[in-house]
Structure formats: C-alpha cells, structure tokens
Protein chains: 2
Amino acid sequence: MRRKAFIDAARELFFANGYAGTTMSSIAGKVGGSKTTLWTYFPSKEDLFAAVVDDIVSQYGDALAIDLPLDKPSADVLRDFGNILISKLTATPLLSLYRLVVGEAERFPHLAETFYDRGPRRGKARAAAWVAEKMARGELRSGDPMRAVQQFAGLCQAGLYQFAVLGMSEGRDLSRLRDDVDAAVDTFCRAWQTQA
Amino acid sequence: MRRKAFIDAARELFFANGYAGTTMSSIAGKVGGSKTTLWTYFPSKEDLFAAVVDDIVSQYGDALAIDLPLDKPSADVLRDFGNILISKLTATPLLSLYRLVVGEAERFPHLAETFYDRGPRRGKARAAAWVAEKMARGELRSGDPMRAVQQFAGLCQAGLYQFAVLGMSEGRDLSRLRDDVDAAVDTFCRAWQTQA
DNA sequence: TCGAAATGATACCAACCAGTACGGCAGCGA
DNA sequence: TCGCTGCCGTACTGGTTGGTATCATTTCGA
C-alpha cells in the first residue's frame, strides 16, 4: 500500500521537524516515491497532516482499552491502569503526537478535537463507567465519576510525566514513573475510597 | 528600546504561527523596522526565539509568587493558590508559551529546560516549603512535600485545563475552572489533611 | 553645529517551498 | 498485442525563506 508508506514517512518527519518544518518533497523522498504519486493520494499538505493524526489515533486509540475488572480491589485495578496509562503516554508515538497536536492546536483546532475525542475522551469514559459501578457498590465514595477519573489521571501525570512532555530526560525513568502511579493510587484511595 | 519592540512582535508572531511558520521579515515589518536592525540585535532566528522565551519567562516567572500565609487554614490557602494558578495558566501569554515550548521541545530542548526551571520549578519549590511547614505543624500528613505539591497542581490541571491546552473553547470557562480547583482542594485535603 | 552611531529602505542572494506538467516505464487483464 | 492503470523522474512555476550588502536617513551627544 503506497498510501500507508507515505503516512508512515510523514509521521516520522512531522514528529522530528514539526508541521511547518516538514517538506512534502522530503516525505516523497523518504519513501522513494515521487511527488506526483504523493499528490494523487493527498491533495494538500494539510490533508496529509490530518491523515497522519488520524492514522495514529485510530492505531493507538484503543491501546488504552485495558480491561477494568470489577471484582478486584480498586487499588489494584487503579495501579495497573495507571501504570499502563503512563507507560503508553510516555512512549514515543503518543508523546510525540501529543507534542505535535499541542504545538499546532492554534492552527489546527480540528485535529486537537479529533485527537481528544478518539483518544483521551474514550478512555476516560470507559474508566468513568468502572468508577460509577464501584461507587454504586459502595467501595468508592459517591460523586461525579468523570471528575474522579480526571483526578486520577491528573495525579498519575502530575510528576515525572510533565518532564517527559517537555522532552527532559528525567521524564523517561520508568521506575520513578511507577512511583508516581503508586503515590497517585495512594492519594486517590485516601480521598475516594470508603473506609472499611 | 528597539530590541524590546522586536521581541514583542516576535512573541505575537511566534504564538500565532509557530517557530517555523514565522518569518524574520514579518517580524521586522510588524515593528516597522528594517531587517538590518533586526539582525544587529539577534544574529539568527534561533537567538531571537530564545530571547522571546527568556523575556516571557522572566516577565511571568514571578507571576505565580503568590504569598502563602502559614496562619490561615490550609484549604483556604490552597483554594486561593489554585485559582490564581489556573487563571494565569489558562491566560493567553502563558498558555501560548506552553504550547510553543511543548511543540518545539524536540528541536529546542534547552528552551524547555529554562522554561521549566524559571517557571514551574520555582513555583513548586515555594509551595513545597509551605507544605513542609504545614506538615511540621501537623496540619498535613507528613510525607514528601514536593510530591504533595505536584499532586495538588496535577489535580488542579486535571479537568478543563486539559481542554485549554488543546485550544478547545470549553477550557476557557472560568467558573467551571474554579469548580475544578474546588474539587482539587477537596480531594487533596481528604488525602493529606490530618483528621481534626 | 558637527559627526558618529543607530536605524531605515531596498535590492539582492542562493536555497527552498507547495504544487503542477509531462513524458516514460512496468505490470496486467483481455 | 493492445490499452489501461499505477507509479516514477524530472523539470518547472511563482513565491518565500533566512540572511547580506549598499546606501540614505535619522538621532543625539558634545
């Protein structure tokens, strides 16, 4: 599939050089294809950019579809969920995509929305359903499930992840990222778990 | 001061068009100055970019130096702090700067570091000192003060602020942002405050 | 008033940009 | 063998880029 090859090359170049810093010729050159073919698939640079974001989002959008068992203790499920969350979020494809989308949010607001809709929003909706059930069972204090999920995600991303977003090397220390998650689980449970 | 005028114009254009999307000619044109003069102040585009980031950071770096009174109740201080924090963070200059720095983090890692050093790191250090004192007084459960501060900041930024970063209009609703802060204070106090 | 320093206007450079035009080459079904 | 489709290579356009060179003008202290 020629189209996919162009998207792959464009993804890597957009990640490395940003939108405005990437040239169509370099994309065509990277895949060994010709510019003519590139333009038959994507009528403009913007369309290619949208296709790249779409491709990653549809590829990784379900990556966070971790199953959330209702019968296991909340703390254990949250810890697993948090660890998978931040390990995916600090990995290259999603982190670079996030940087790209944030950096171009002002010029491509539409892409930022589809990014959020098909990524974070879906994941949070799934987690919120789990939280709602845990609330109904009385294991978690009742409240707004979505707010609880956002807070848990915020707690997980409050520490080293911020360094990762800014490209600092400290943000890549996986064991310390796990510490952040442990602390997030601890704080979340103190605030939301009903006393036994 | 001619130099400052160039920096101001460059800031607005970088915010609107990104680094690669902004031309030196447009900057010189915006201030009504000539390219020759521009190059006498900044030997290259990268230097201008660094000067812009430096200017904003030194201008707003102390904007979050809110005083944190030790004698008032923790919840009240945290609420005030949180509200000022997110109101500054969602305002145009700092939000646009954040987007710019994140977007260019891969190509200008040095700028991301100075941004963090002179901005978030200093603010968090001040807040951590306040938390440490509150812990020493027994009002907050003892633990890592820096982690507590990061968690509080994470909680404040866990809700609508994420929308603001992505440029979505929902993220600019100030009253709902205050709700996020209230919820953050509530959760934080449940997890960190010692029982009365 | 004088003269140096700072600034401005403009033309220019080589390189590069997104996007187009056009001709040719390989495969492939009929 | 024919014609079609998909792809490639390259040269081109009109425009822009960061950066330089040249010269005129303004500013301002002495």
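A note on names: the letters A, B, ... follow the listed sequences, proteins ahead of strands, and every chain is numbered from 1.
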**OP:** Start with the C-alpha distance between B:F49 and B:L100, add both sets of side-chain angles, then the distance that settles side-chain contact (heavy atoms from CB on, under 4.5 Å), and finish with yes or no.
**Re:** CA-CA 10 Å; B:F49 187 51; B:L100 195 56; 3.6 Å; yes
Subject >> Basic-acidic side-chain contact under 4.0 Å: A:R190, A:D186 >> reply: yes
Original post:
So, A:D179 and A:R176, do they make that salt bridge, N to O below 4.0 Å?
Top reply: no
Checking contacts here: which listed nucleotide ([options]) is nearest the side-chain heavy atoms of [X]?
{"X": "B:Y41", "options": "C:dT7, D:dG18, D:dC8", "result": "C:dT7"}
{"X": "B:W39", "options": "D:dT17, D:dG19, C:dG19", "result": "D:dG19"}
{"X": "A:T37", "options": "D:dC8, C:dC16, C:dG19", "result": "D:dC8"}
{"X": "A:T36", "options": "D:dG18, C:dA21, C:dA9", "result": "C:dA21"}
{"X": "A:R2", "options": "D:dC8, C:dA18, D:dA21", "result": "D:dC8"}
{"X": "A:M24", "options": "D:dG19, C:dC22, C:dG19", "result": "C:dG19"}

**OP:** Assign each of A:Y19 and B:G32 to its nearest nucleotide of DNA chain C by heavy atoms, then name whichever residue's nucleotide is nearer the 5' end.
**Re:** B:G32
**OP:** Nearest-nucleotide wise, let me know which of B:V31 and B:K35 is further upstream toward the 5' end of DNA chain C.
**Re:** B:V31
**OP:** Considering just the side-chain nitrogens and oxygens of B:S34, establish if one lies under 4.0 Å of OP1 or OP2 belonging to C:dT7.
**Re:** no
Subject >> Rounded distance (nearest 0.5 Å) linking atom CG of B:L166 with atom CD of A:E113 >> reply: 9.5 Å
**OP:** Nearest 0.5 Å please: distance from the CZ atom of A:R147 over to the OG1 atom of B:T187.
**Re:** 8.5 Å
Expressed as a whole number of angstroms, how long is the span from [X]:[atom1] to [N]:[atom2]?
{"X": "A:L38", "N": "C:dG19", "atom1": "CG", "atom2": "P", "value": "10 Å"}
{"X": "B:L13", "N": "D:dT17", "atom1": "CG", "atom2": "P", "value": "11 Å"}
{"X": "B:D47", "N": "D:dG19", "atom1": "CG", "atom2": "P", "value": "9 Å"}

Subject >> Bending between helix ends of the helix from C:dT1-D:dA30 to C:dA30-D:dT1 [5 pairs per end, 10° resolution] >> reply: 10°
Original post:
With a 4.0 Å cut-off on heavy atoms, is B:S26 in touch with a base, just the backbone sugar-phosphate, or nothing at all?
Top reply: nothing
Original post:
Base, sugar-phosphate alone, or nothing: which one does A:T40 contact when heavy atoms must sit under 4.0 Å apart?
Top reply: nothing
**OP:** Quick one: list whatever passes side chain to side chain donor-acceptor pair (under 3.5 Å) with A:E139, sequence neighbours left out.
**Re:** A:K134
Subject >> Contacts of type salt bridge (charged side-chain N to carboxylate O under 4.0 Å, His left out), residue B:D54, not counting sequence neighbours >> reply: B:R118
